[in-house]
S.K.: 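Supplied in structure tokens, the structure appears directly below.
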Amino acid sequence: MTTTPDQQPAQIQGQPSTIIINNNNSAAASAAAVVAGAGLRRRRQSLWAHFWLLLLTGGIGNIFYAVHVSRWNRDRGL
């Protein structure tokens, strides 16, 4: 039995079509990881960022950068 290109193949009556869903992770597991803080890493001060901020801003940028990174870590409990 052949079908023309514009026709759908006939379904076998009495058997539902098979649906396969391949999920590598579930939404619940992802949500639990975010709540538990898994995967969050502590931000580190960058030597190169401090170097360029020292040259370009005379040291004032270093203070703002250090405060920003410290606040980011503190707000996330890291």
S.K.: Can you sort out the partners of F64 under ring pair (Phe, Tyr, Trp, His ring centres under 6.0 Å), two or more places apart, ordered by chain and number?
M.R.: none
S.K.: State, to 0.1 Å, how close W72 and R41 come at their nearest heavy-atom pair, and which atoms those are.
M.R.: CZ3-O, 3.4 Å
S.K.: Using the test side-chain contact (heavy atoms from CB on, under 4.5 Å), find all partners of R71 that sit at least two apart in sequence or belong to another chain.
M.R.: V67, R74, D75
S.K.: When you measure from the side chain of Y65 to the backbone of S46, do you find a donor-acceptor pair of N or O atoms at a distance under 3.5 Å?
M.R.: yes
S.K.: Can you check whether R43 reaches H68 side chain to side chain, under 4.5 Å on heavy atoms?
M.R.: yes
S.K.: Tell me the side-chain hydrogen bond (donor to acceptor under 3.5 Å, both in side chains) pairs involving residues 50-63, sequence neighbours left out?
M.R.: Q45-H50, H50-N62
S.K.: Show your reasoning for whether side chain to side chain contact (heavy atoms under 4.5 Å, CB included) applies to L47 and F51.
M.R.: CA-CA 6 Å; L47 177 67; F51 171 75; 5.5 Å; no
